[in-house]
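The basis for the numbers below is simple: all heavy atoms, side chains too, and nothing from hydrogens, waters or symmetry mates. As the structure is a prediction and not an experimental result, all values here were calculated from the model.
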Amino acid sequence: MIDIPWFTLRYSVYFPKVEVYMHTNRNQLSENGNQPPPSLNWDDARIFLAIAREGTLSRAAKRLKLGIATTSRRLERLESALQVCLFTRDQQGYTLTDEGRDLVSSAEALEQAGFAFGDATYRNNDQVMGNVRLATAQGLADHLIIPAMPKLIATHPNLTVEIVTGVSTVNLHRRDADIALRMVRPERGNVSIRRLGTLGFGLYASQDYINNRKSSDTTSLSFEHDDFIGWSEMQQNLPTAQWLTKMLRGKPCRLTTTSLSAQMSAVEAGVGMAILPHFTSKKKNLVCVQGNVGCDQPIWLAIHSDLAHSRRVRAVVDFLDTLISENQQSLSP
């Protein structure tokens, strides 16, 4: 009986020919004529990270702006070079193996080193250039940041900005974004955090709704008789959603949505009242029914610490800092 080393059996489960390579010179052909495993290409680490973060090959390929076949081929090349299976594949997607999970932190370190290397190039250039990915709330993007973008572009014509919106938080540590402008303070990760201002909220309605309301017997705010627009079940953690839940005491909202812009449209249409930011509501000429509802939120600026001195990131940070400062009166009257 031949005594086969345990490590040969272990790796042969993933790559049947690996045991041949482990006992031959990597620079020579194996006994059956196949080529030895390819050398490690460090750029394939970002393929590994994208699949680990997205969970499927198609979403990872979309994020990387690569074809699915190319993404799959490069993952296979990485697994062959490492001589280990990084994912299990099934109909649900790609799941990290124990070996793959152990390599995530090392791959992230390579990713951060690559970003730092690129930023060093920008620091040596007098011009601000490159792309900055900014994560923020839809309302801030639509009504505050994007309208002011021409000024930033005119100052830095070689700068490009990608804005990611939504109510969910992003992970700056894994580089979902370079900068986050949020109402929720990040609690973890290698990030630098600064408070820029306050976003004020009030209870707003359209003039048509107010007029119809005054024609009824109800002449003052009534949580029993008035109609309200709130958040869906998935967003019940938001302060405005919690305020409405407390005030309505079990009464359902006339309409629930998953976005602030939808609530704004519903209020404009006269569906009911909603808790909205002061600065957007006043631009829409909505009526403030109750100004202080106790839902004001701080505006936090978070930057990945490795990018704190990046010229391209600093340009956007300075732009946001000035923008919030100049509009603070309207943001929180």
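Listed here is the closest heavy atom pair of S206 and V267: CB-O, 3.2 Å. For L255 against A266, the heavy-atom pair with the smallest separation is CD2-CB, 3.6 Å. The nearest pair of heavy atoms linking I324 to L196 is CG2-O, 3.6 Å. For the pair I275 and Q263, the tightest heavy-atom approach, listed with the atom from each and the gap, is O-OE1, 4.1 Å. Considering every non-hydrogen atom in both E268 and L286, the closest pair reads CG-CD2, 4.1 Å. Between S330 and H278, the closest heavy-atom pair is O-CB, 4.0 Å.
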(request) List the steps and the verdict of side-chain contact (heavy atoms from CB on, under 4.5 Å) for Y209 and V271. (result) CA-CA 7 Å; Y209 179 85; V271 175; over 6 Å; no
(message) Pair L110, W42 - check side-chain contact (heavy atoms from CB on, under 4.5 Å), show working.
(response) CA-CA 8 Å; L110 284 174; W42 297 111; 3.6 Å; yes
(request) Please lay out, stage by stage, how L140 and M183 fare under the test side-chain contact (heavy atoms from CB on, under 4.5 Å). (result) CA-CA 10 Å; L140 290 177; M183 272 64 75; 4.0 Å; yes
(message) For a side-chain contact (heavy atoms from CB on, under 4.5 Å) check, start with the C-alpha distance between Y204 and K284, then their side-chain angles and the critical distance, and finish with the verdict.
(response) CA-CA 11 Å; Y204 283 87; K284 299 285 188 178; over 6 Å; no
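Salt bridge annotation for R133-D178: absent, with no cationic side-chain nitrogen under 4.0 angstrom from a carboxylate oxygen. Salt bridge status for R89 with E79: present, with a side-chain N to carboxylate O gap under 4.0 Å.
Contact of the L103 side chain with the L86 side chain is registered, since non-hydrogen atoms from C-beta on lie closer than 4.5 Å. Residues V317 and R194 have side chains in contact (heavy-atom distance under 4.5 Å, counting atoms from C-beta outward). No side-chain heavy atom of E162 sits under 4.5 Å from any side-chain heavy atom of L134. The shortest side-chain heavy-atom distance between M129 and T160 does not fall under the 4.5 Å cut-off. Side-chain atoms of L248 and C253, non-hydrogen and from C-beta on, do get closer than 4.5 Å to each other. Counting heavy atoms from C-beta outward, I146 and I163 have side chains that approach closer than 4.5 Å. For the pair M264/S281, a side-chain contact is recorded, criterion being any heavy-atom separation below 4.5 Å from C-beta on. Between L78 and R74 there is no side-chain heavy-atom pair separated by less than 4.5 Å.
With values rounded to the nearest 0.5 angstrom, I299 atom CD1 is found 6.0 Å from Q328 atom CD. Here the CD1 atom belonging to I303 is positioned 5.0 Å from the CZ atom belonging to R314, to the nearest 0.5 angstrom. The distance from the SG atom of C295 to the CG atom of L276 is 11.0 Å, given to the nearest 0.5 Å. In this structure, the separation between OG on S58 and NZ on K62 is 9.0 Å, given to the nearest 0.5 Å. Going from atom CD1 of I153 over to atom CG of L159 covers 8.5 Å, rounded to the nearest 0.5 Å. Rounded to the nearest 0.5 Å, atoms CD (E99) and CZ (F87) are 12.0 Å apart.
Side chains of Q235 and T258: no donor on one and acceptor on the other come within 3.5 Å. At a cut-off of 3.5 Å, with distance as the only test, no side-chain donor of W231 or T256 sits close to an acceptor on the other residue.
For R185 and W300, the positive end sits near the middle of the six-membered ring, less than 6.0 Å away and at most 45° from its axis.
A donor-acceptor pair under 3.5 Å links the side-chain atoms of T71 to the main chain of G67, judged by distance alone. Using modelled atom types, no side-chain atom of D318 and backbone atom of D321 make a donor-acceptor pair closer than 3.5 Å. Q297 contributes no side-chain N or O that, together with a main-chain N or O of V184, makes up a donor-acceptor pair within less than 3.5 Å. A donor-acceptor contact shorter than 3.5 Å is absent between the side chain of T70 and the backbone of L66. Remark: side-chain polar atoms of T136 are paired, donor with acceptor, to backbone N or O of L181 under 3.5 angstrom. In terms of modelled atom types and a separation under 3.5 Å, the side chain of Q207 and the main chain of V287 share no donor-acceptor contact. The backbone N or O of L323 lies less than 3.5 Å from a partner atom in the side chain of N327, making a donor-acceptor pair. Within the 3.5 Å criterion, the main-chain N or O of G100 finds no donor-acceptor partner in the side chain of D98. T280 contributes a side-chain N or O that, together with a main-chain N or O of P277, makes up a donor-acceptor pair within less than 3.5 Å.
In the hydrophobic cluster analysis, where Ile, Leu, Val, Met, Phe, Trp and Tyr join through side-chain heavy atoms closer than 4.5 angstrom, M234 is grouped apart from L244.
Within the structure, salt bridge (Lys or Arg N to Asp or Glu O under 4.0 Å) pairs that include any residue of residues 250-260 comprise D227-R254 (at least two apart or interchain). Screening residues 143-157 for side-chain hydrogen bond (donor to acceptor under 3.5 Å, both in side chains) gives no qualifying pairs among residues at least two apart or on separate chains.
In N292, the CG atom is not crowded: 12 or fewer heavy atoms of neighbouring residues, nucleotides or ligands sit closer than 6.0 Å.
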